[in-house]
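The structure presented is a predicted model; accordingly, all values stated were derived computationally and were not measured.
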Amino acid sequence: MVSSHPLRLQHQSVVGKLKCSLLHRGTLPLAILILVFFCYRFMSPSSQTLEDLGAEPRMVYLQPKVLSPIRKDVLVVTPWLAPIVWEGTFNIDILNEQFRLQNTTIGLTVFAIKKYVVFLKLFLETAEQHFMVGHQVTYYVFTDRPADVPQVPLGAGRRLVVLTVHSHTRWQDVSMHRMDTISRFSEQRFLREVDYLVCADVDMKFRDHVGVEILASLFGTLHPGFFQNSREDFTYERRPQSQAYIAWGEGDFYYMGAFFGGSVAEVLRLTKACHEAMVADKANGIEAVWHDESHLNKYLLYHKPTKVLSPEYLWDQQLLGWPAVMKKLRFVAVPKNHEAIRNP
């Protein structure tokens, strides 16, 4: 008869004592469950994630070439190193991933006052197709006709908020009061609800992709009628009596008031400053030549935008056609009779 190995006998003795102890305490089923879990967790290959294996998430795309710029026909950066956004200057997949990691929320403000409410349905429908697709969006609709706001189906993570405001007799006053309204609501609620604000005109439609590539601390959009002109042609306010005054020989670009934005904090600073400047002008009996747009241009001259959008993001095809430099038309004017829509 072969005697048992001393270590085996010792192991059997320990196991026997453990079994007796577990049976005595009624914990054997729990011990078996724990043992099965740990065996599965650490021994099963299918349970090992990329993090367990030490792998990094991958992003696969074409390498950018320092000596081979995609766009050679346009200015792509300002003298203060702000990018100018044109088709071909960004990779939207990279940008989408970066902004999703931040769980970014975007507010889009639009004013549908008086007859302009008729443009709202097309504006919202096309925004659902092209604006910030895949991201969290809140449409802030300012209107004096809340009952006329159309019901437009919205995608997941997107909502519409109707904010009732007073109208004004002159369309110029409607336009100028936007700065005051955006400023007040930014302070009262937008700072708590969204990360970025995009401020747009309602008599427009989204025709192509407009996404997170536009987002920055502060952005303005080149006016489609002046992006090829010298500063002497810009319709700045030239009267020194106005707070919007810009002297001859000054100025970078001419920005259009129909599409601007940035972080809520920066939009608050911009709109508050423009509103205060318009109040000062009114007290002095003067009104800037292009109203809130004149004050916007004065502000952006001394508070440089951190990103500038090309005219792809604000275009009128009926007036300007489709020149070769414009690879895409993203946000475009809706044909209309200005006099008919502006007058009661």
Specify whether [X] and [Y] have parallel, tilted or perpendicular ring planes, treating 30° as the upper limit for parallel and 60° as the lower limit for perpendicular.
X	Y	result
F131	F206	tilted
F111	F142	parallel
F234	Y254	tilted
F123	F331	perpendicular
F253	Y255	perpendicular

Minimal non-hydrogen separation, [X] against [Y], with atom names:
X	Y	answer
K307	A216	CB-CB, 3.6 Å
L120	A112	CD2-CB, 4.2 Å
D201	V110	C-CG2, 4.1 Å
D195	T104	OD2-CA, 3.4 Å
Q136	N103	NE2-OD1, 2.6 Å
A288	A244	CB-CB, 4.1 Å

Does [X] reach the side chain of [Y], with side-chain heavy atoms less than 4.5 Å apart?
X	Y	value
S183	F190	no
N284	Q241	no
L160	V152	no
L314	M204	yes
L191	L268	yes
I214	V85	no
R158	E128	yes
C199	V267	yes

Counting neighbours of [atom1] on [X] that are heavy atoms of other residues, nucleotides or ligands and sit closer than 6.0 Å, is the number greater than 12?
X	atom1	value
Q151	CD	no
K336	NZ	yes
E187	CD	no
K121	NZ	no

- Query: Under a 4.0 Å N-O cut-off, is there an ion pair linking E237 with K298?
  - Reply: no

- Should K328 and E312 count as an ion pair when the cut-off is N to O under 4.0 Å? no

Starting at [atom1] of [X], measure out to [atom2] of [Y] and round the result to the nearest 0.5 Å.
X	Y	atom1	atom2	result
R178	T271	CZ	OG1	11.5 Å
D292	D180	CG	CG	12.0 Å
I106	F99	CD1	CZ	8.0 Å
E293	M256	CD	CE	6.0 Å
K327	I70	NZ	CD1	11.5 Å
T105	Y196	OG1	OH	9.5 Å

- Stepwise side chain to side chain contact (heavy atoms under 4.5 Å, CB included) test for L301 and E250: CA-CA 9 Å; L301 174 59; E250 294 184 2; 3.9 Å; yes

- CA sep, side-chain torsions, deciding dist, call: F259, V210, side chain to side chain contact (heavy atoms under 4.5 Å, CB included): CA-CA 12 Å; F259 203 60; V210 176; 4.2 Å; yes

Kindly work out whether a path of hydrophobic side-chain contacts (I/L/V/M/F/W/Y, heavy atoms less than 4.5 Å apart) joins [X] to [Y].
X	Y	answer
F185	V279	no
F219	I92	yes
L75	W80	yes
Y302	I246	yes
Y139	V133	no

- Task: Evaluate the criterion side chain to side chain contact (heavy atoms under 4.5 Å, CB included) for residue pair L218 and L300; output intermediate values, then yes/no.
- Result: CA-CA 9 Å; L218 182 63; L300 293 180; 3.8 Å; yes

- Task: Validate the cation-pi geometry between R238 and W248: distance from NZ or CZ to the six-membered ring centre under 6.0 Å, angle to the ring axis within 45°.
- Result: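 Judged by the rule, R238 and W248 form a cation-pi pair.
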
Under 3.5 Å, is there a donor-acceptor pair between the side chain of [X] and the main chain of [Y]?
X	Y	result
D281	S242	no
T221	F260	no
R207	V332	no
W315	G321	yes
R231	G249	yes
D144	K114	yes
H130	T126	no
R330	D208	no

- Message: Just to verify, which of L197, L270, V194, T181 counts as forming a side chain to side chain contact (heavy atoms under 4.5 Å, CB included) with S186?
- Response: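 Filter result, single survivor: L197.
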
- Evaluate the side chain to side chain contact (heavy atoms under 4.5 Å, CB included) criterion for residues H275 and K272: first the C-alpha distance (whole Å), next the side-chain angles of each, then the deciding distance (0.1 Å), finally the verdict. CA-CA 5 Å; H275 171 64; K272 186 175 183 180; 5.8 Å; no

